[in-house]
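Comments concern the structure below.
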Amino acid sequence: MDRYNIQETEKKWQSLWADKEAFITEDHVEGKEKYYVLEMFPYPSGKIHVGHVRNYTLGDVVARFRKAEGYNVVHPMGWDAFGLPAENAAIENGRHPAEWTYANIAVMREQLKAMGLSFDWSREVATCSPDYYRHEQKMFLDFFKNDLAYRKESVVNWDPVENTVLANEQVVDGCGWRSGAPVERRTLNQWFLKISAYADELLEGLDDLGGWPEKVRTMQDNWIGKSQGLQFKWDINNYDEDVEVFTTRPDTIFGASFVGIAPDHPLAEKLAGDKDGFAAFIQQCQALGTSEAAIEKADKLGFDTGYTVNHPFVEGLTLPLYIANFILMDYGTGAIFGVPAHDQRDFEFATKYGLDIKPVVIPEGEDAQGFKLEDKAYSGEGKLANSAFLDGLEIEEAKSLVISKIEEKNMGQGKTQYRIRDWGVSRQRYWGCPIPMIHCADCGVVAVPEDQLPVTLPEDVSFEQAGSPLANHPTWKHTKCPECGKDAQRETDTFDTFFESSWYFARYCDAQNTNKGFAKDKADYWLPVDQYIGGVEHAVMHLLYARFFMRALSACGYTDVKEPFKALYTQGMVNHATYKDQSGKWVFPNDVIKQDDGSFKHASTGEKVTEGAVIKMSKSKKNVIDPQEIMDSYGADAARLFILSDSPPDRDLEWSEAGLEGAWRFINKLHRTVHDFIAARPNLTADAPKGLSDDSKTLRALTHKTAHEIKADITNFHMNKAVARCRELYNAITGFKAVNDDDNWALKEALEYLIRVMNPMIPHVTEQLWQDFGHTENLYDAPWPLTDESLIVEDTVNIAVQVNGKLRATIKLPKDIEKSDAEDSALSEPAVQRAIEGKTIRKVIVVPGRVVNVVVA
RNA sequence: GCGGGCGUGGCGGAAUCGGUAGACGCUGCGGACUUAAAAUCCGUUUCCCUCUGGGAGUGGGGGUUCAAGUCCCCCCGCCCGCACCA
């Protein structure tokens, strides 16, 4: 018998698809609606990983399925090619970032091709190419002209030994990852994009994103963080400036026991700069770096300025003015009033420094005098108390009243505040897109004239010295001022790599365009992306930046599309068990052999190995599987099928060798079953034979039902259910005994339907089997199989019969039976009789088509 | 710390609107075929019991309901994001 040759067959179809340009897409195809499927493009880190396999398999199922449904599908792929790892490779191995990056791209492109993905490779982009980034330089200049880009000071993590800015992930326990030196916060002048100007629009736009997961919309909503509050000034005793605070809880003003400012608040140095311990305190705050998580997780620390402030409503009441490490300069005014009873951070702070904790919001059912806080702040509902003119009011009433009183006193005003900050796009790095600006001593900041774009990166850079390679380059930055012609210097910062990923989906619409990033009509045709698929870790930043970027581009006349992604699907991660040897070192799963007693040993050394937690695959823990090895030994179809089979795509997936083998077995079985059928050479008619046996009718019903339901499953991303249904149909096929050619006709229909509905999941073997059946068209170009609705209507249903909610029997009844008849049938069941014996029937609940519940006492 | 999510057999998971918990796969066990093994095929696989039946059971505790994996409240555990990783 002929065995299925996976490697040969998969290569054969991959080259056929390439030769026929099967997935090269034209714009505006007559009579077809467009459908844009997009997966988040990869960073070319070296080789593809299982997370990529999952992401691109999901996208491929959608793309092939929508094509079969008759859409004009575009499914592009490219490379998010700028970024830190390329520079790290340069430092560690001496390889040039460009050389390293392009070599990785070449490897990964071949790997993606070997997966049989239906990409339109004619649209491929690499963001590190000047052909790509020249256009975003132009976009930046347009943002600048339209007042959407500006410069301001902001804080970075500074490594004093390496003389370089550190990313947050490069700060480990407050120290630089390579130098080990404590990081400092340093202020630099940097470029920002005014995403805050679109805060309301981005927030309101979320309501129209029905195709997005609720959780992602909620996260973006919280990130934008719109809040109504009060901004007002506190008078500082014996000092001629006021301190301005922002609060979302003006109602709790009578519970205030201190006022706090951020360590980098301009007043901090002025008020306390000459005090003992100030420098040490500031240093301690700086050691936390700039990461918000690190700052908020740190123990609450304060420094008493010695100054006091006057309470706005209580004559003679003064509160201490602290500098506190948990107050963020970036939010509000960088100053707060602390209400320990009703804010957890303030509570911890007050506990530590012995400040008053005075409850002013009393929950319902508690007495204002008796209400005591246990060990944490109370932030729930309640009525005001201990608060002079606010006593007895609801929180919202009290907020408005305090705001209007403050406004009357001219001390401040109600204010809408956003948590979102403007997007800092400057990076002090080499491997990024140069920011097309020039600094002139006389003219200030001047844009590079458009006819001088692109500003390209110099190739001869050194990573030997500390600091930014662009700034260190001997000649690159020296240029002439475009306005006055005198000597001037180029901006040596490059863009944040989120800049590139904020418009790549628009570039795909017109990837070959050398004049501009994309032609408006092409973007307006293809965009928005109909289905975007990627990791949930991008729920906020990338997705929010891209939404902003399209609005900014739209404001500059590039396109009419403001929302780039109509529907979003966020996939879960891929996890794998971890292994350690006796010395505690991580071991690759590939080097582990499971023994008969369930224990593990090292494949080459024979040493005992212990199995650890099942966690996200990561190189550092070595719990990685190389997709290349999977494809080499099991084939792309098996890898794809396994990854779709087990877990629902939005949940984490546990990689399992056994599950992969199961998928591989299925593909071989499917091949064998089809070939056994063909070899039997049944004599078949073209149309459905009349008078099919009941078994054949049942098989036909399942066949058509399966095609129908898989369509719904794929539409809803229930890929694991779709696979389960395919296996059910397959099980029915192999359990089916054909006694004549009429039966064989039904069998062939079932097999062909199975092949067709599985094509988006396992495209190679299904194309092959379709051809083996004698079809001359290819499945990639074939429509989704039709469902004959008349075959799938059932006239009887199984009804559960319960007594007091407990299942006692199931009965088969006509679908449209009268309730009373269903009740009679249920009560006559022996098991029901037994259960109700000697009891009184209180009532009987009949849910048509589902359940009869007999309630007895 | 803040924001968001997830939790169902030995394992991954299924269960449309609150209506038969465990589809489908994996593993294990038993059997067939074989000189033998692999492959393949068949059966079986939530737990407990006094087993022609019955009881328990969806992270834990409480509640609503004729009926709860599903709704509500509290708690526990794990995961993602937190603005210079991508």
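Because the structure is a prediction, the values reported are computed rather than measured. Order of the sequence lines sets the chain letters (A, B, ...), proteins ahead of strands, with each chain counted from 1.
Contact check of residues 185-197 of chain A against RNA chain B (heavy atom, cut-off under 4.0 Å) returns Q190(A).
The base of C84(B) lies close enough to the side chain of Q428(A) for a donor and an acceptor atom to sit less than 3.5 Å apart.
Taking 4.0 angstrom as the limit, R727(A) places none of its side-chain polar atoms (N or O) nearer than this to OP1 or OP2 of A23(B). Remark: N731(A) is in phosphate contact with G25(B), judged by side-chain N or O atoms under 4.0 Å from OP1 or OP2. Within the 4.0 Å cut-off from OP1 or OP2 of G1(B), not a single side-chain nitrogen or oxygen of R345(A) is found.
Judged by distance alone, with hydrogens and angles left aside, the side-chain atoms of N55(A) form a donor-acceptor pair with the main-chain N or O of I533(A) at under 3.5 Å. With hydrogens and angles ignored, the 3.5 Å screen pairs no side-chain donor or acceptor of E153(A) with any backbone N or O of T187(A).
Across all strands shown, nothing is found opposite C33(B) as a Watson-Crick or G-U wobble partner with both distances under 3.5 Å. Pair check for G25(B) finds C11(B); Watson-Crick or G-U wobble, both atom distances under 3.5 Å. The base-pairing partner of G69(B), taking Watson-Crick or G-U wobble contacts with both distances under 3.5 Å, does not exist among the strands shown. With a cut-off of 3.5 Å on both Watson-Crick or G-U wobble distances, the partner of C6(B) is given as G77(B). Of the nucleotides present, none pairs with U64(B) by Watson-Crick or G-U wobble criteria with both distances under 3.5 Å. In this entry A83(B) has no Watson-Crick or G-U wobble partner, no candidate having both defining distances under 3.5 Å. Under the Watson-Crick or G-U wobble criterion, with both distances below 3.5 Å, U52(B) is left unpaired in every strand shown.
Contacts of R665(A) with the nucleic acid, taken as non-hydrogen atoms under 4.0 Å apart, involve only primed sugar atoms and P, OP1 or OP2. Note on S656(A): nothing from the nucleic acid sits closer than 4.0 angstrom, heavy atoms only. Within the nucleic acid shown, S426(A) comes within 4.0 Å of at least one base atom, counting heavy atoms only. Residue-level contact check: H538(A) touches the bases, meaning some heavy atom is under 4.0 Å from a base atom. Counting any heavy atom pair closer than 4.0 Å across all strands shown, G424(A) reaches sugar-phosphate atoms only and no base atom. Within the nucleic acid shown, F498(A) comes within 4.0 Å of at least one base atom, counting heavy atoms only. Looking at heavy-atom distances under 4.0 Å, E292(A) makes contact with a base. Within 4.0 Å (heavy atoms only), M40(A) reaches no atom of the nucleic acid at all. Within the 4.0 angstrom heavy-atom criterion, only backbone atoms of the sugar-phosphate kind lie near K215(A); the bases stay farther away. Using a 4.0 Å heavy-atom cutoff across all strands shown, I295(A) reaches no nucleic acid atom at all. Within 4.0 Å of W223(A), counting heavy atoms only, lies at least one base atom of the nucleic acid. Note on A539(A): nothing from the nucleic acid sits closer than 4.0 angstrom, heavy atoms only. Among the atoms of the strands shown, only primed sugar atoms or phosphate atoms (P, OP1, OP2) are found under 4.0 Å from some heavy atom of L84(A).
If you take CG of N168(A) and P of C85(B), they are 6 Å apart, rounded to a whole angstrom. Atom-to-atom, CG of D650(A) to P of G7(B) comes out at 10 Å; the value is rounded to the nearest Å. When rounded to the nearest whole Å, the span between CD of E661(A) and C1' of A38(B) equals 13 Å. Rounded to a whole Å, the CD atom of E537(A) is 10 Å from the P atom of C82(B).
Glycosidic conformation, G9(B): syn, with the torsion inside 90° of 0. Look at C17(B): its glycosidic torsion is within 90° of 0, and that puts it in the syn range.
Screening D493(A), N163(A), T164(A) against Q428(A) for a side chain to side chain donor-acceptor pair (under 3.5 Å) leaves a single residue, D493(A).
Rounded to whole Å, the separation between the C1' atoms of A67(B) and A21(B) comes to 14 Å. Comparing A38(B) with A14(B), their C1' atoms are spaced 33 Å from each other, to the whole Å. Atom name C1', nucleotides G18(B) and G63(B): the rounded distance is 15 Å, in whole Å. Between G10(B) and G57(B), the distance separating the two P atoms is 15 Å to the nearest Å. Rounded to whole Å, the separation between the C1' atoms of C33(B) and U70(B) comes to 47 Å. Between G5(B) and C85(B), the distance separating the two P atoms is 25 Å to the nearest Å. If you take atom C1' in A32(B) and the same atom in C80(B), they sit 50 Å apart, rounded to whole Å. Nucleotides G3(B) and C73(B), compared at atom P, are 16 Å apart to the nearest Å.
Taking the six-membered ring where tryptophan is involved, the planes of H49(A) and H52(A) are essentially parallel, since the angle between them stays under 30° and well short of 60°. Note: F499(A) and F549(A) have perpendicular aromatic rings, judged against thresholds of 30 and 60 degrees for the angle between ring planes. Between Y532(A) and Y504(A), the ring planes are tilted. Angles from 30° to 60° get that label.
Nearer the 5' end of RNA chain B, as judged by each residue's closest nucleotide, is the contact made by N222(A), out of G805(A) and N222(A). Along RNA chain B, the nucleotide closest to V540(A) and the one closest to K300(A) are compared, and the more 5′ of them pairs with K300(A).
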Base versus backbone protein contacts along nucleotides 46-59 of chain B [heavy-atom cut-off under 4.0 Å; B, S, -]: -------SSSS---

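Annotation: the span from S645(A) atom OG to K721(A) atom NZ amounts to 15.0 Å, rounded to 0.5 Å. Atom CG of residue L754(A) and atom CD1 of residue I733(A) lie 5.0 Å apart, to the nearest 0.5 angstrom. The distance from atom CD of E537(A) to atom OG1 of T570(A), rounded to the nearest 0.5 Å, is 9.5 Å. Atom CG in D330(A) sits 9.5 Å away from atom OG1 in T290(A) (nearest 0.5 Å). Rounding to the nearest 0.5 angstrom, the gap separating the CH2 atom in W79(A) from the CG atom in N104(A) is 9.5 Å. To the nearest 0.5 Å, atom CD1 of residue I643(A) and atom CE of residue M719(A) are 12.5 Å apart.
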Between the protein and nucleotides 10-15 of chain B, which nitrogen or oxygen pairs come in under 3.5 angstrom?
{"residue": "G12(B)", "atom": "O2'", "partner": "S647(A)", "partner atom": "OG", "Å": "3.1"}
{"residue": "G13(B)", "atom": "O3'", "partner": "N720(A)", "partner atom": "ND2", "Å": "3.3"}
{"residue": "A14(B)", "atom": "OP1", "partner": "N720(A)", "partner atom": "ND2", "Å": "3.0"}
{"residue": "A14(B)", "atom": "OP2", "partner": "R651(A)", "partner atom": "NH2", "Å": "3.2"}
{"residue": "A15(B)", "atom": "OP1", "partner": "K721(A)", "partner atom": "NZ", "Å": "2.3"}

Y545(A) vs W423(A), ring pair (Phe, Tyr, Trp, His ring centres under 6.0 Å): CA-CA, chis, key distance, verdict: CA-CA 8 Å; Y545(A) 289 145; W423(A) 175 14; 4.0 Å; yes

CA sep, side-chain torsions, deciding dist, call: E39(A), R54(A), salt bridge (charged side-chain N to carboxylate O under 4.0 Å, His left out): CA-CA 10 Å; E39(A) 298 100 68; R54(A) 191 178 202 195; over 6 Å; no

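The minimum heavy-atom distance between G302(A) and F349(A), with the atom names listed, is CA-CE1, 3.5 Å.
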